[in-house]
There are 2 protein chains.
Amino acid sequence: MTAERYRRLRQVLECRQPDLTIVTDNVHKSRNLSAIVRTADAAGIGTMYCAMPDKDYKAFRGTAMGSHTWVAVRRQPDVTAALTPLKAQGYQVLATHLASDSVDYREADYTRPTVILLGAEKLGVSEAGCVLADAHITIPMRGMVQSFNVSVAAGIILAEAERQRQNAGMYSQRRIDDASYQRILFEWAQP
Amino acid sequence: MTAERYRRLRQVLECRQPDLTIVTDNVHKSRNLSAIVRTADAAGIGTMYCAMPDKDYKAFRGTAMGSHTWVAVRRQPDVTAALTPLKAQGYQVLATHLASDSVDYREADYTRPTVILLGAEKLGVSEAGCVLADAHITIPMRGMVQSFNVSVAAGIILAEAERQRQNAGMYSQRRIDDASYQRILFEWAQP
Ligand SMILES: C[S@@+](CC[C@H](N)C(=O)[O-])C[C@H]1O[C@@H](n2cnc3c(N)ncnc32)[C@H](O)[C@@H]1O
Ligand SMILES: C[S@@+](CC[C@H](N)C(=O)[O-])C[C@H]1O[C@@H](n2cnc3c(N)ncnc32)[C@H](O)[C@@H]1O
């Protein structure tokens, strides 16, 4: 490990956002999940959750790329198991949902502890996910197609979260606690 | 064709942005190109250009999904052939490039006639593409991974273009000329 590399690991940890995360609600295509993990890393997300069957998760881990080294991806059997502990910790759940009562995604406040709930490729966010949501957000679409690819939608929403958190100075001071910082730095610095 | 469907076709054409487009610089994976076409449609792009070998383009057309009905995708043999006529028409070329002289993508003015130049999965924007660019734009990344998936990057940049054009009222009045409007409406309304 070069000094430069070590400096970079520390710099990235200084930007991690312990109160911003993603829950995927039965997103099952490995390439979509991989693109979401990569995008999560870029926004400073350190841990995310995939509600999906164990079989699909194993297939996903089999194809996993580099970004999985940097983001902890935790499987949960369903969306209720994934969201309940986060809600108990005070996270707001923003379901990405093309419903009539959805608000423009730029109206949400992403500086609060936030879960972005992403839906399955065909079915979108499940009924159970919608019930647990605090708000429904949607990205406006001006064309004939009715939805974005899920990883593209994740990128657009996380870019807005990043913008708000940057404006609030949330990338300019360390946000994870000392114990987590030391533990993750140790893990990452392993040869 | 129901009256509702016909109304929707017209509504989408009212939002089309004839002075916003994408050029892909040897992006070769069909699933990335498909996601880019879908995202282009959502931002109101009616025509985009893929600089790529004919063989790869044929493979892409073979897998093409619904969004190709709505966005005209034109192949060009290389990025110079794609960009030169657009530059002659006064388009600015924004290369999406992770260079040291790149500016934050939110600093660009997307209300001007604009080409967003997207680079290949492995190699990024080519030398020829960089030379023809008026500016280099980059999406900030806070993590360990060095780049986004190209379709995710396209989504993030087009969402900013959409935001600026919405604020400028560019989706509130028809922007394509009568002849194009009538021609495309006729094509779309074919059974
Ligand atoms: C292909 S879409 C699912 C479409 C599904 N038919 C539906 O009605 O929800 C997959 C996921 O991408 C995200 N997504 C796609 N387009 C979106 C949009 N315009 N706004 C917000 N999220 C979107 C959501 O998480 C969605 O569940
Ligand atoms: C996987 S990246 C290419 C990475 C390549 N190694 C490079 O250095 O350019 C594929 C394309 O996605 C777009 N892209 C990815 N990350 C980006 C970022 N942070 N800012 C702007 N564009 C990006 C660019 O069009 C890029 O050419």
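Chain A is the first sequence line, chain B the second, and so forth, proteins listed ahead of strands; every chain is numbered from 1.
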Q: Which answer fits B:Glu14, side chain, backbone, both or neither, if we ask what part of it has an atom under 4.5 Å from a heavy atom of chain A?
A: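 For B:Glu14, there is no contact with chain A at all, as no heavy atom is under 4.5 Å.
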
Q: Between A:Ala159 and B:Ile156, what is the shortest heavy-atom contact and its length?
A: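 The answer is CB-CG2, 3.6 Å.
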
Q: Kindly work out whether a path of hydrophobic side-chain contacts (I/L/V/M/F/W/Y, heavy atoms less than 4.5 Å apart) joins A:Ile184 to A:Tyr6.
A: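 Yes, it is one cluster - the side chains of A:Ile184 and A:Tyr6 are joined through contacts under 4.5 Å.
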
Q: Minimum heavy-atom separation for B:Asp41 to A:Met144, with atom names?
A: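 Answer, listing the atom of B:Asp41 first, then A:Met144: OD2-N, 2.9 Å.
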
Q: Heavy-atom pairs under 4.5 Å with chain A - which of B:Ala154, B:Ala43, B:Ser151 has more of them than the others?
A: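 Sorted descending by pairs with chain A, the first entry is B:Ser151.
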
Q: Find the one option among A:Leu13, A:Leu9, A:Asn149, A:Ile157 whose heavy-atom pairs under 4.5 Å with chain B are most numerous.
A: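 Most heavy-atom pairs under 4.5 Å with chain B: A:Asn149.
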
Q: Grouping I, L, V, M, F, W and Y whenever their side-chain heavy atoms are under 4.5 Å apart, do B:Phe148 and B:Ile137 come out in a common cluster?
A: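 Yes; tracing contacts between hydrophobic side chains, which count when under 4.5 Å, links both residues.
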
Q: Atom CZ of A:Arg142 and atom CZ of B:Arg165: how far apart are they, to the nearest 0.5 Å?
A: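 Between A:Arg142 CZ and B:Arg165 CZ, I get 11.5 Å after rounding to 0.5 Å.
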
Q: Would you find more than 12 non-hydrogen atoms of other residues, nucleotides or ligands less than 6.0 Å from A:Gln89 atom CD?
A: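 Enclosed: over 12 neighbouring heavy atoms sit under 6.0 Å from CD of A:Gln89.
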
Q: If you count heavy-atom pairs under 4.5 Å with chain B, which of A:Arg16, A:Met141, A:Arg31 comes out on top?
A: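 Max contact count across the listed options: A:Arg31.
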
Q: Same cluster or not: are B:Val150 and B:Tyr49 linked, directly or through other Ile, Leu, Val, Met, Phe, Trp or Tyr residues, by side-chain heavy atoms under 4.5 angstrom apart?
A: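 Different clusters: B:Val150 never reaches B:Tyr49 through Ile, Leu, Val, Met, Phe, Trp or Tyr contacts under 4.5 Å.
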
Q: Taking only residues two or more places apart in sequence, or in another chain, which ones meet B:His28 in a ring pair (Phe, Tyr, Trp, His ring centres under 6.0 Å)?
A: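 Listed in chain order: nothing, the list is empty.
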
Q: Taking A:Val125 as the starting point, is it possible to reach A:Val79 by hopping between hydrophobic residues whose side chains are less than 4.5 Å apart?
A: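 Yes.
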
Q: Hey, quick one: are B:Leu118 and B:Ile45 part of the same hydrophobic cluster, counting side-chain heavy atoms closer than 4.5 Å, chains of contacts allowed?
A: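 Yes, because B:Leu118 and B:Ile45 connect within a single hydrophobic cluster, where side-chain heavy atoms sit under 4.5 Å apart.
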
Q: Side chain, backbone, both or neither: which part of A:Arg5 has a heavy atom under 4.5 Å from chain B?
A: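 The side chain, not the backbone.
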
Q: Pick one of side chain, backbone, both or neither for A:Arg163, based on which atoms fall under 4.5 Å of a heavy atom in chain B.
A: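 Both the backbone and the side chain of A:Arg163 come within 4.5 Å of chain B.
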
Q: Which distance, rounded to the nearest 0.5 Å, do you find between the CD1 of A:Ile139 and the OG1 of B:Thr39?
A: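 These two atoms lie 9.5 Å from each other.
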
